[in-house]
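Have a look at the structure below before the remarks.
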Amino acid sequence: MRIFRNAWLIVDENGIIVKITKSPPNDVEEKITFKHSLIMPGFVNTHTHVPMTILRGLKDDVDLKEWLEKYIFPAEAKLTADDVYWGSLHGIAEMLSSGITTFNDMYYFEERIADAVLKAGVRAMLSRGILDIAGDTEKAIKATREFLDYVKKLWHTKEYSKNHIFFAYGPHAPYTCSKELLMKVREMANDTKFRIHIHLAETKWELTTFKEKHGKTPVEYLDSIGFLGPDVMAAHVVWTTDNDLEILAKRKVKVLHNPTSNLKLASGVARIPEMLKKGITVGLATDGPASNNRLNMFREMLIAALIHKGTKLDPKLMPAKTIVRLATIEGAKVLGLEKYIGSLEPGKFADFVVINLKTPHAIPFHDIYSMLVYTLERDSVEATYVGGKCVWKKDVGPTSYDIWKVCEKVQKIRERILT
Ligand SMILES: [Zn+2]
């Protein structure tokens with residue numbers, strides 16, 4: 001959390017940070033100067049379903065169940081693998097525009113999301129969302145294996161993709177996956193050491209259903225079958241008991257906090273301050289753009305800073321500095337990538353955001369964390385770099401593709417799926 005004034009960030013030809021120095025470097029190939037700017041670590045968005053930009057605003061302000069069953073599922077059933085590719089490029093551009101350099105995704109046609117990640121030059125941990133409510137457990141396992149094979153093929157054929165695409169298992173939720181499927185995922189994760197990405201205890205309905213069916217909370221249930229561990233990344237975790245928090249802390253489960261989505265879908269407010277007190281690692285997340293409706297880390301930081309204060313009547317909860325940590329280094333820990341991303345240190349990837357501080361509302365300047373969380377918005381982002389390479393620039397957009405061509409495609413997809 002150190003702040004360097006008038007400093008140089010030296011990056012090598014592999015996009016790795018060499019050092020941060022006060023003296024201007026001489027023996028470098030290229031120098032770029034950012035005046036009146038803050039250079040900070042890229043944000044880590046720990047839970048999303050990126051191609052859902054296509055479905056954003058399709059229907060808002062209804063119950064989660066109605067929203068899913070009446071609007072989202074029928075529209076998703078019409079999406080092709082190509083649609084998912086274009087939707088991903090669309091969503092990634094928006095993430096880059098708010099300084100997100102790494103994201104954790106769960107969806108289907110995940111192969112095409114991997115293609116979009118490589119095209120955009122961003123980093124992502126990707127999981128093929130699986131479920132077996134209809135009893136098709138084998139099919140779910142097969143889908144996961146196929147996606148892992150695809151990722152391995154990319155790692156093999158495109159050496160650089162190893163630093164951009166990370167694999168995780170994606171059992172959708174305890175209520176959509178059978179015990180058999182969950183146990184199988186646990187077994188595979190033990191063997192391969194890849195992480196597990198799951199939705200957990202998102203709604204009151206989920207808690208009530210598990211209590212009725214198993215006499216346990218969703219967290220207790222997963223623990224009773226030996227599913228929980230330090231490699232589990234659990235999204236939402238809103239409906240928890242004191243015992244649940246003990247379990248999560250003991251098993252070192254990582255929590256993905258989606259404050260906007262939880263408010264918009266009226267799921268509730270997760271007990272994040274208590275989790276942090278217990279030493280649970282928490283990352284910040286936007287959730288999918290259809291339930292947010294933005295992929296904007298500045299908005300997410302603001303809401304995460306405000307809701308806990310307001311609901312607990314305590315302004316000391318979730319201070320700005322903590323919030324910035326959740327959006328950067330803690331998010332990196334959630335993904336198990338803290339050795340590579342999440343802060344600007346020698347040996348890590350040069351994933352950084354350039355934020356313009358020469359704007360009237362950033363003057364006078366007292367505290368950078370306060371400024372980032374409470375004052376600034378994504379329009380302050382000047383450029384986003386991944387591995388020392390500029391992947392997004394203000395007034396240009398993504399540097400490796402034409403965002404307007406993508407918008408045209410997405411508009412056509414919208415027209416097709418709604419007819
Ligand atoms: Zn989700």
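Positions are given from 1 along the sequence. In each ligand, atom 1 is the first atom listed, and ligand 1 is the first ligand listed. It should be emphasised that the depicted structure is a prediction, and the values quoted were computed from it without experimental measurement.
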Mind checking how many protein N/O/S atoms fall short of 2.8 Å from the Zn ion (ligand 1)?
4

Results of ring pair (Phe, Tyr, Trp, His ring centres under 6.0 Å) for Y221 - residues two or more places apart only
F210, H214

Do we see a donor-acceptor contact under 3.5 Å between the side chains of E111 and Y85?
no

Any side-chain donor-acceptor pair under 3.5 Å between N243 and E220?
yes

Would you call the rings of H49 and H47 parallel, tilted or perpendicular if under 30° counts as parallel and over 60° as perpendicular?
perpendicular

Pair W392 + Y385: ring centers closer than 6.0 Å:
no

Surrounding CG of D191 (heavy atoms of other residues, nucleotides or ligands, distance under 6.0 Å), is the total greater than 12?
yes

